[in-house]
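The block underneath contains the structure these notes are about, expressed in structure tokens.
As the structure is a prediction and not an experimental result, all values here were calculated from the model. Lettering of chains follows the sequences in order, A, B, ..., and the numbering in each one begins at 1.
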Amino acid sequence: MEKFEQDRLEKLEKLRAMGIDPYGKRYNGQKSLVSIVEDYHDEEGKRVRAAGRISSLRPHGKASFLDIKDWTGKVQLYIKQDKVGESKFEAFGLLDLGDIIGVEGILFKTRTGEITIQVEDFTILSKALLPPPEKWHGLRDVELRHRQRYLDLISNPETMKTSLDRVKIIRGVRRFLDERGYVEVETPMMQPIPGGAVARPFITHHNTLDIDLYLRIAPELYLKRLLVGGMERVYEINRNFRNEGISTRHNPEFTMLEAYQAYADYNDMMELTEGMLSSLTMELHGSYQIPYGEKSVDMTPPWRRKTFVELLKEYAGVDFYDLNGLIEKAEGLGLSTHGDGKTTPDRDRIANDLFEELVEPQLLAPTFVLDYPASLCPLTKLCEGRPELAQRFELYIASMELANSYTELNAPLEQRDRFMEQAGTEMTAGKVDEDFLLAMKYGMPPAGGLGIGIDRLIMILTNCTSIREVILFPLLRPGARVTEVDTTSS
RNA sequence: GCGCCCUUAGCUCAGCCGGUAGAGCAACUGACUCUUAAUCAGUGGGUCGGAGGUUCGAAUCCUCCAGGGCGCACCA
């Protein structure tokens, strides 16, 4: 490592001795490399400016071919001593793979037909002191790819593509909602009471107020306050933080869309979800058939809609209303039949465990699962005439839970009771958010609410089977493999 | 948190049953003005993730530790 750096430092000093600043300034007027290639027909023989990182170098004595790369693509350069002059060519000799340069020259095609810039002048914009990863295989080591994502982006085009696809998808989500009259809002990331979901929160502390705060596990209760305030269609795309395990589908901080529409219910949210995700699929893939891992997923709408109870019967072969049957099945699978600290069997919990165990893995094609056991959804309006079920749906794609939606409970007194019931069963449930209940007492319109796990959506649409592939900087334990700079000396 | 697997040159990887640590790319020196994984000739580069142990001898076998991957658990 030191040796590479030493050689390059010497070149850097030589450049300085020639009066060249190896860390150049603003460079403008250049075309993106992909547009240089695309517009070749109109630009042939003309002068163009370009900038990028040297990704390949093929010297031939007093001439040289090299490739430069920007985030759109790659272009070949051809530089000859008799075109740029001796001293310029000498400076060129001090360039290495990974250096960033700006060039100006004439567009032409080589004998083999490759679009190439005949360099007339170039500027060194940044001298790299360390070499880029291997040019043919790129950076393969998963740990290094995540720890040094910049190297991953430089050397693996698919990483750049996934990262830019992520931007497109999120932009598409925003556009879809904006076009339907939604407004994007920002609600607190630091909350005195972490509500809207059940999960262990991260705790932090505010010094001046001398209070503990929690990084939010969901924005839900704040967005509903806005419904009370008369904002009829709101959404937020932002980070949630959950102090839970890390897996291929879980990162401690992850991006969530939550949307609320006054005067609507979960049926409207189903339409919204299906419309949004199917059009995003078509936009990105030009087809509803998309690859995912070893499989192929058919995203053609309309999507299957089945109730929780129906699916439990279909895939697990048990009747939700037959408690003994549920218990038998659960015990057969070695599942616990009692909730935390409870002495009696908890039907809703058993049914949910069976669902996760036996139904979820089968839900490859997009499936809306409707009407969940009521005790699992304290913020949800109950089904009419069937108070044991609540008006909630979850959307599964490729066996992954992608969206969650309720017909929002807007009755403040019932909400209080449902919170209390939950507090009795969930050991992690914190205090009740009284301020939220107070808001609700002023009247919250009936509403449909929707949450979509954005990282998981991006996984599906970019064919990534690990959430770490769609998050630029996933959480890793601070590692020893990247040398830390000693700031105490020098 | 638990189980299985991985960690060898800057990068990508070999290294069999324990016997002097290898290749390609990258680097360095030289040749080369239409190459494109440029080519040709030559050179340098290693605390084999870390610490112990077994052994005449360990990259290789054992133990512990660290980081990572996958699965499970926890969990929108």
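Within 4.0 Å (heavy atoms only), A/Phe254 reaches sugar-phosphate atoms of the nucleic acid but no base atom. Across all strands, A/Asn404 comes closer than 4.0 Å to base atoms (heavy-atom distances). As judged by a 4.0 angstrom heavy-atom cut-off over every strand, A/Phe108 is placed among the base-contacting residues. When heavy atoms are screened at a 4.0 angstrom cut-off, A/Ser64 is found touching no nucleic acid atom at all. Across all strands shown, A/Gly245 has heavy atoms under 4.0 Å from base atoms, whether or not it also approaches the sugar-phosphate. Residue contacts for A/Leu97: at a heavy-atom cut-off of 4.0 Å it reaches the sugar-phosphate backbone alone, with no base atom in range. Looking at heavy-atom distances under 4.0 Å, A/Gln76 makes contact with a base. Using a 4.0 Å heavy-atom distance criterion, A/Lys11 is classed as a sugar-phosphate-only contact. Residue contacts for A/Arg392: at a heavy-atom cut-off of 4.0 Å it reaches a base atom on one of the strands shown. At the heavy-atom level, A/Arg140 lies under 4.0 Å from the strands shown only through sugar-phosphate atoms. If you check every strand for non-hydrogen atoms under 4.0 Å, A/Gly138 touches sugar and phosphate atoms only. Counting non-hydrogen atoms under 4.0 angstrom, A/Asn243 reaches nothing in the nucleic acid. Here A/Pro132 lies out of heavy-atom contact (under 4.0 Å) with every strand.
Rounded to an integer number of Å, the gap from A/Glu134 CD to B/rA27 C1' is 14 Å. Rounding to whole angstrom units, CZ of residue A/Arg249 and P of B/rC74 are separated by 13 Å. Here the P atom of nucleotide B/rC11 and the OH atom of A/Tyr150 are 12 Å apart, to the nearest Å. Separating the CD atom of A/Glu114 from the C1' atom of B/rA38 is a distance of 12 Å, rounded to the nearest angstrom. The interatomic distance linking A/Leu66 (CG) with B/rC34 (P) rounds to 15 Å, in whole Å. Going from atom CG of A/Leu130 over to atom P of B/rA27 covers 13 Å, rounded to whole Å. The distance between atom CD of A/Gln118 and atom C1' of B/rC34, rounded to the nearest whole Å, is 10 Å.
Nucleotide B/rG52 is matched to B/rC62 when pairs are restricted to Watson-Crick or G-U wobble geometry with both distances under 3.5 angstrom. Across all strands shown, nothing is found opposite B/rG44 as a Watson-Crick or G-U wobble partner with both distances under 3.5 Å. Pair assignment for B/rU35: none, as no Watson-Crick or G-U wobble contacts are both less than 3.5 Å. Under the Watson-Crick or G-U wobble criterion, with both distances below 3.5 Å, B/rC17 is left unpaired in every strand shown. Under the Watson-Crick or G-U wobble criterion, with both distances below 3.5 Å, B/rG3 is paired with B/rC70. Base pairing of B/rC25 is made with B/rG10, judged by Watson-Crick or G-U wobble geometry with both donor-acceptor distances under 3.5 Å.
Distances shown here put a side-chain N or O of A/Arg477 below 4.0 Å from the OP1 or OP2 atom of B/rG68. Between A/Thr248 and the phosphate of B/rG71, there is a side-chain N or O to OP1/OP2 separation shorter than 4.0 Å. At the phosphate of B/rG69, OP1 or OP2 sits under 4.0 Å from a side-chain N or O atom of A/Arg468. The side chain of A/Arg58 places no N or O atom within less than 4.0 Å of a non-bridging phosphate oxygen (OP1 or OP2) of B/rU39. For the OP1/OP2 pair of B/rU35 and a distance below 4.0 Å, the side-chain nitrogens and oxygens of A/Lys80 include no atom meeting the criterion.
If you check distances only, the side chain of A/His250 does reach the base of B/rC75 with a donor-acceptor pair under 3.5 Å. In this model, a side-chain donor or acceptor of A/Asp82 finds a partner on the base of B/rU33 within 3.5 Å.
Put simply, CD on A/Glu13 and NZ on A/Lys127 are 12.0 Å apart, with the number rounded to the nearest 0.5 Å. Of the inter-residue distances, the one linking A/Ser55 atom OG with A/Leu66 atom CG reads 8.0 Å to the nearest 0.5 angstrom. Expressed to the nearest 0.5 Å, how far CZ of A/Arg456 lies from CD1 of A/Ile458 amounts to 12.5 Å.
Comparing the C1' positions of B/rC2 and B/rA27 gives a spacing of 45 Å, expressed to the nearest Å. For the P atoms, the distance linking B/rG10 with B/rC28 amounts to 16 Å, nearest Å. Atom name C1', nucleotides B/rG18 and B/rC56: the rounded distance is 12 Å, in whole Å. Across B/rU8 and B/rG50, the matching P atoms stand 10 Å from one another, rounded to whole Å. Spacing between B/rU54 and B/rA21 at atom C1', rounded to whole Å, works out to 22 Å. Taking atom P on both nucleotides, B/rA26 is separated from B/rC65 by 41 Å, rounded to a whole Å. Taking the P atoms as reference points, B/rA23 lies 23 Å from B/rC61, given to the whole Å. B/rG15 and B/rU60 are spaced 15 Å apart, taking the P atom of each and rounding to whole Å.
RNA chain B is contacted by both A/Arg456 and A/Arg8; A/Arg8 maps to the nucleotide lying nearer its 5′ end (nearest heavy atom per residue). Along RNA chain B, the nucleotide nearest A/Pro131 and the nucleotide nearest A/Asp67 are compared for position; the residue whose nucleotide lies closer to the 5' end is A/Pro131.
Screening A/Leu370, A/Leu395, A/Leu450, A/Asp265 against A/Met270 for a side chain to side chain contact (heavy atoms under 4.5 Å, CB included) leaves a single residue, A/Leu370. None of A/Asp346, A/Ile350, A/Asn352 except one satisfies the side chain to side chain contact (heavy atoms under 4.5 Å, CB included) rule with A/Asp348; the exception is A/Asp346. When each of A/Lys135, A/Glu134, A/Arg140 is paired with A/His137, the side-chain hydrogen bond (donor to acceptor under 3.5 Å, both in side chains) condition holds for A/Glu134 and for no other.
Aromatic ring pairs are classed by plane angle as parallel below 30°, tilted from 30° to 60° and perpendicular above 60°; the pair A/Phe65 and A/Tyr78 is parallel. Using cut-offs of 30° and 60° on the angle between ring planes, the pair A/Tyr372 and A/Phe308 is tilted.
Listed nucleotides B/rC28, B/rG69, B/rA37 differ in distance to A/Asp7; the shortest reach to its side chain belongs to B/rC28. Of the candidate nucleotides B/rA26, B/rC28, B/rG69, B/rG69 has the atom lying nearest to any side-chain atom of A/Val142. Listed nucleotides: B/rC11, B/rG69, B/rA38. Nearest to the side chain of A/His60: B/rA38. Each of B/rC75, B/rG69, B/rC11 was ranked by its minimum atom distance to the side chain of A/Ala199; first place goes to B/rC75. Listed candidates were B/rC25, B/rG69, B/rU35. Nearest to the side chain of A/Lys135 is B/rC25. Each of B/rA27, B/rC34, B/rA38 was ranked by its minimum atom distance to the side chain of A/Thr110; first place goes to B/rC34.
Annotated as syn: B/rC17, whose glycosidic dihedral is within 90° of 0.
Under a cutoff of 6.0 Å and an axis angle of 45°, A/Arg347 and A/Phe320 form a cation-pi pair.
Between the side chains of A/Tyr260 and A/Glu258, at least one donor-acceptor pair of N or O atoms lies under 3.5 Å.
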